[in-house]
Every structure is written in structure tokens, then in C-alpha cells.
Chemist: 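What follows is a single structure, and I will ask about it in a moment.
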Amino acid sequence: MRYSRLGGFDIQRPETAEILERWLSGQDPERPGVEPDVSLGDGHSQANAIFREGLNHYRAGRTAEALARWREGLELDPANYLIRKQIWAVENPEKFYDGAVDYDWQREQTAKGS
């Protein structure tokens with residue numbers, strides 16, 4: 001599984017339910033009728049394993065180790081938005097947890113290659 005939509009997820013909203021149904025049926029969640037691109041980079045599986053290791057560190061209160069592992073995972077799979085957003089959320093919680101998620105800030109980070 002690769003699709004993630006963070007922030008504002010509410011399964012009771014019809015548009016969210018439709019996206020989830022498309023995703024579960026193997027379609028591109030954001031583009032109805034389009035098959036998703038499943039050509040993931042070689043490092044994708046390894047990056048996801050590293051991401052899970054980082055989560056274990058984070059949950060154990062070892063934030064610096066978690067961030068280090070996530071950065072290693074991001075080097076293997078630079079397009080891994082889940083890892084990127086986790087790093088952002090830990091380093092910039094005010095952009096994620098103080099009211100609305102700051103999507104403009106996220107777009108700026110993406111444009112800068114952060």
C-alpha cells in the first residue's frame with residue numbers, strides 16, 4: 001500500500017469514501033478510472049522497513065534515532081511522501097497539530113526539495 005492522505009480524513013464525507021473505494025479497488029485514488037503507477041523504486045520496500053524502525057524509535061521516545069532512520073529511508077526512496085511528512089511533523093509540529101494543517105507550507109517544502 002502506498003496511498004496516504006493525511007489531515008482532514010473523515011470516512012463519513014462522501015468524497016473521502018469515494019477516494020477510499022477507488023484506492024481499495026486498485027484505481028488511482030485521485031484520478032477515477034486511472035490505474036495507479038505501481039512502478040515503485042528499488043528502495044521503496046527497504047525505505048518502508050526503515051520507516052517502521054523509525055516509528056519504533058519514535059514511540060520509545062528516541063526521536064533523534066527515529067529522525068536519523070527516516071532520513072536514511074528518504075535517501076533510498078526520495079519520493080516517499082509518508083516518510084517526508086513524518087519528518088516534517090516531528091520537526092515542525094506547529095504546521096500539523098496547532099489548528100489546521102498548513103498545506104501551503106508543505107507545498108513550499110516540496111518545492112524546495114526538503
Side-chain angles (χ1 to χ4, degrees):
M1 290 187 236
R2 177 147 179 146
Y3 180 73
S4 65
R5 183 176 192 159
L6 306 176
F9 183 86
D10 180 355
I11 194 63
Q12 294 182 28
R13 293 175 48 205
E15 60 272 17
T16 302
E18 289 172 21
I19 288 171
L20 183 58
E21 287 174 13
R22 284 195 299 269
W23 180 64
L24 291 172
S25 70
Q27 296 178 30
D28 186 311
E30 299 291 350
R31 298 178 296 163
V34 175
E35 293 296 316
D37 177 12
V38 293
S39 59
L40 303 175
D42 292 337
H44 180 72
S45 294
Q46 189 175 358
N48 282 341
I50 289 171
F51 174 74
R52 288 188 295 278
E53 289 175 26
L55 279 179
N56 290 334
H57 286 303
Y58 186 72
R59 290 177 180 146
R62 298 185 303 269
T63 303
E65 287 131 331
L67 288 167
R69 290 301 283 157
W70 291 332
R71 284 195 173 86
E72 289 175 32
L74 199 54
E75 284 183 31
L76 291 170
D77 186 10
N80 193 315
Y81 202 58
L82 179 63
I83 295 174
R84 186 176 307 279
K85 283 191 79 148
Q86 189 65 41
I87 293 169
W88 291 344
V90 169
E91 291 182 336
N92 304 279
E94 73 281 359
K95 302 293 185 185
F96 291 83
Y97 306 115
D98 292 343
V101 175
D102 191 340
Y103 293 107
D104 291 334
W105 179 86
Q106 290 182 38
R107 281 187 285 276
E108 291 169 15
Q109 300 310 302
T110 302
K112 290 189 318 190
S114 298

Chemist: Does a side chain donor of either Asn48 or Asn80 reach within less than 3.5 Å of an acceptor in the other side chain?
Modeler: yes
Chemist: I'd like to know if the side chain of Arg84 and the backbone of Pro78 have a donor-acceptor N/O pair within less than 3.5 Å.
Modeler: yes
Chemist: Mind listing the closest non-hydrogen atom pair of Gln106 and Trp88 along with its distance?
Modeler: O-CH2, 3.6 Å
Chemist: Is there any salt bridge (charged side-chain N to carboxylate O under 4.0 Å, His left out) pair reaching into residues 99-112, and which pairs are they, with sequence neighbours excluded?
Modeler: Lys95-Asp102, Asp104-Arg107
Chemist: So how far is it from Ile87 CD1 to Phe51 CZ, rounded to the nearest 0.5 Å?
Modeler: 9.5 Å
Chemist: So, for Gly54 and Ala66, which heavy atoms are closest and what is the spacing to 0.1 Å?
Modeler: O-CB, 3.2 Å
Chemist: Using side chain to side chain contact (heavy atoms under 4.5 Å, CB included) as the criterion, list what pairs up with Ala68, not counting sequence neighbours.
Modeler: none
Chemist: Kindly check if the number of other-residue, nucleotide or ligand heavy atoms within 6.0 Å of CZ (Phe96) is above 12?
Modeler: yes
Chemist: Any side chain to side chain donor-acceptor pair (under 3.5 Å) pairs touching residues 65-75, not counting sequence neighbours?
Modeler: Glu53-Arg69, Arg69-Glu72, Arg71-Glu91
Chemist: Is any side-chain heavy atom of Glu94 closer than 4.5 Å to one of Trp105?
Modeler: no
Chemist: Let me see the working for Val90 and Leu67 under side-chain contact (heavy atoms from CB on, under 4.5 Å), right down to the final yes or no.
Modeler: CA-CA 8 Å; Val90 169; Leu67 288 167; 4.0 Å; yes
Chemist: Measure the CD1-NZ distance between Ile83 and Lys85 for me, rounded to the nearest 0.5 Å.
Modeler: 14.0 Å
Chemist: Does any part of the side chain of Ile50, heavy atoms only, come nearer than 4.5 Å to the side chain of Leu76, both counted from C-beta?
Modeler: yes
